[in-house]
Amino acid sequence: MKQITVAGAALPDGRSARWDGHRQQRRLELVKVARKAVHRLGPGAPMGDIAAAAGTSKSVFYRYFGDKDGLRQAVGEVVIGQMRAEVLAAGRGATSAEEGLRAMVSAYLQMAETSPNVYFFVTADREAGSGPAARAHGEVLDAFFDEVLSIMREGMQAYLASRDAELDGVGPEPATARTASPNGTGSPDGPDLPNGPVGTGAAVAYWPRAALGMVRAVGEDWLRQPPGPVRPSAGELTDTLTGWLARGIAGSPLQETAERQTK
């Protein structure tokens, strides 16, 4: 290929740039059709079936993505990017901790429900692959969930600061006032959050990760459940999960309904 030399450095001519642009455009097109194919065929669809649904050969997909992990990574970058934008915007736009929980749970469930097959394809256990693409995809997932955890942690700290201020009979204190120790749970001498329904100062630091794990586990079970009268809507599940996270099982809609029925 003809090259142009500038100040001693060889630069590719315009044909190389145009070819790179063509490859990138073709790659995006293949990601789009692969996403549609997985939506129809399921998360376990083999590369040959995905390629056939795209109207091309399996060798083309291998040329652009290397293997199925590479395809998963490429589709995941798009899907997780969209989910990340929706969930984080929902959480950051809230005016209270509970509102933030509800908004993020709702955005997560609604995004996943648009295509359970695609959701399970891009969130597949990283043990399914061990190559560079699988590791890179795992890092994208981890980064997304770490951002969610950060927002949940901020909301938790704000809630605890407000609650402690009420117990002390004073106005709200800064959210970090009681999380200044090296382990993030209170004074340097040990946790100073009171014991109670939310747990001890040391243990409560695990709440964001426990909450995220519950939402993912329940949400994924819900996605696998076929539509029917016993399957709650996304809105109903959002209300229930938010109640569990904010007030526990005693404050859930199901428990409140059961208590009313026994009266």
Side-chain angles (χ1 to χ4, degrees), residues 31 35 43 69-70 72-116 118-129 132-162 174-185 198-199 202-223 234 237-246:
V31 166
R35 182 176 179 176
D69 284 334
R72 192 190 318 278
Q73 178 191 5
V75 175
E77 287 175 355
V78 175
V79 175
I80 294 170
Q82 293 171 344
M83 182 173 286
R84 173 185 176 278
E86 292 289 332
V87 172
L88 298 185
R92 288 170 177 155
T95 57
S96 71
E98 185 169 343
E99 181 186 333
L101 282 174
R102 183 182 302 278
M104 288 195 293
V105 170
S106 177
Y108 171 75
L109 292 178
Q110 289 183 26
M111 289 291 291
E113 191 182 25
T114 59
S115 179
V118 172
Y119 171 86
F120 286 119
F121 180 73
V122 301
T123 60
D125 190 335
R126 67 187 61 189
E127 295 299 324
R135 290 193 295 272
H137 180 59
E139 290 170 0
V140 171
L141 270 176
D142 287 344
F144 165 49
F145 287 124
D146 282 347
E147 288 184 275
V148 173
L149 285 171
S150 178
I151 293 178
M152 295 177 75
R153 190 173 295 111
E154 290 170 6
M156 179 194 74
Q157 291 174 346
Y159 163 76
L160 292 177
S162 175
T176 57
R178 292 181 179 263
T179 56
S181 68
N183 63 8
T185 58
V198 297
V204 77
Y206 292 104
W207 180 87
R209 192 168 297 279
L212 178 60
M214 182 174 74
V215 172
R216 283 195 67 186
V218 172
E220 290 175 5
D221 271 0
W222 173 72
L223 289 173
L237 189 58
T238 294
D239 290 342
T240 299
L241 283 171
T242 304
W244 288 347
L245 294 172

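If you're wondering where the values come from, they're calculated on a predicted model, not measured in any experiment.
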- Message: My understanding is that only residues two or more places apart in sequence, or in another chain, count here; which of them pass side-chain contact (heavy atoms from CB on, under 4.5 Å) with V78?
- Response: V31, R35, Q82

- Taken to the nearest 0.5 Å, the spacing of Y108 OH from M83 CE works out to 6.5 Å

Please tabulate, one pair per line, all N/O donor-acceptor pairs under 3.5 Å involving side-chain atoms of residues 145-152, not counting sequence neighbours.
| from | atom 1 | to | atom 2 | distance (Å) |
| --- | --- | --- | --- | --- |
| E147 | OE1 | R84 | NE | 2.6 |
| E147 | OE1 | R84 | NH2 | 3.4 |
| E147 | OE2 | R84 | NH2 | 2.9 |

- Task: Report yes if some heavy atom in the side chain of D239 is under 4.5 Å from a heavy atom in the side chain of R102; otherwise report no.
- Result: yes

- Message: Which residues pass the side chain to side chain donor-acceptor pair (under 3.5 Å) test with E77, not counting sequence neighbours?
- Response: none

- For A246, check side-chain contact (heavy atoms from CB on, under 4.5 Å) against everything at least two apart and list the hits. E98

- Hey, what do you get for OG1 (T242) to CH2 (W244), rounding to the nearest 0.5 Å? 11.0 Å

- CH2 (W222) and CG (L241) are apart, to the nearest 0.5 Å, by 10.0 Å

- Would you please name every residue forming a salt bridge (charged side-chain N to carboxylate O under 4.0 Å, His left out) with E113, sequence neighbours left out? R231

Which atom pairs, one a donor and one an acceptor, fall under 3.5 Å between side chains of residues 210-221 and the rest of the protein, sequence neighbours left out?
| from | atom 1 | to | atom 2 | distance (Å) |
| --- | --- | --- | --- | --- |
| R216 | NH2 | E220 | OE2 | 3.4 |
| E220 | OE2 | Y119 | OH | 2.7 |

- Which atom of G155 lies closest to which atom of A97, heavy atoms considered: O-CB, 3.6 Å

- Between P208 and M156, what is the shortest heavy-atom contact and its length? CD-SD, 3.7 Å

- Item | Shortest non-hydrogen contact from L109 toward A234 | CD1-O, 4.0 Å

- Value for CG (L141) from OG1 (T123), rounded to nearest 0.5 Å, stands at 7.0 Å

- Message: Would you compute the distance between atom CZ of R153 and atom CH2 of W207 and round it to the nearest 0.5 angstrom?
- Response: 10.5 Å

- Query: With R92, which residues qualify under side chain to side chain donor-acceptor pair (under 3.5 Å), at least two apart?
  - Reply: none

- Item | Interatomic distance, L237 atom CG to Q110 atom CD [nearest 0.5 angstrom] | 11.5 Å

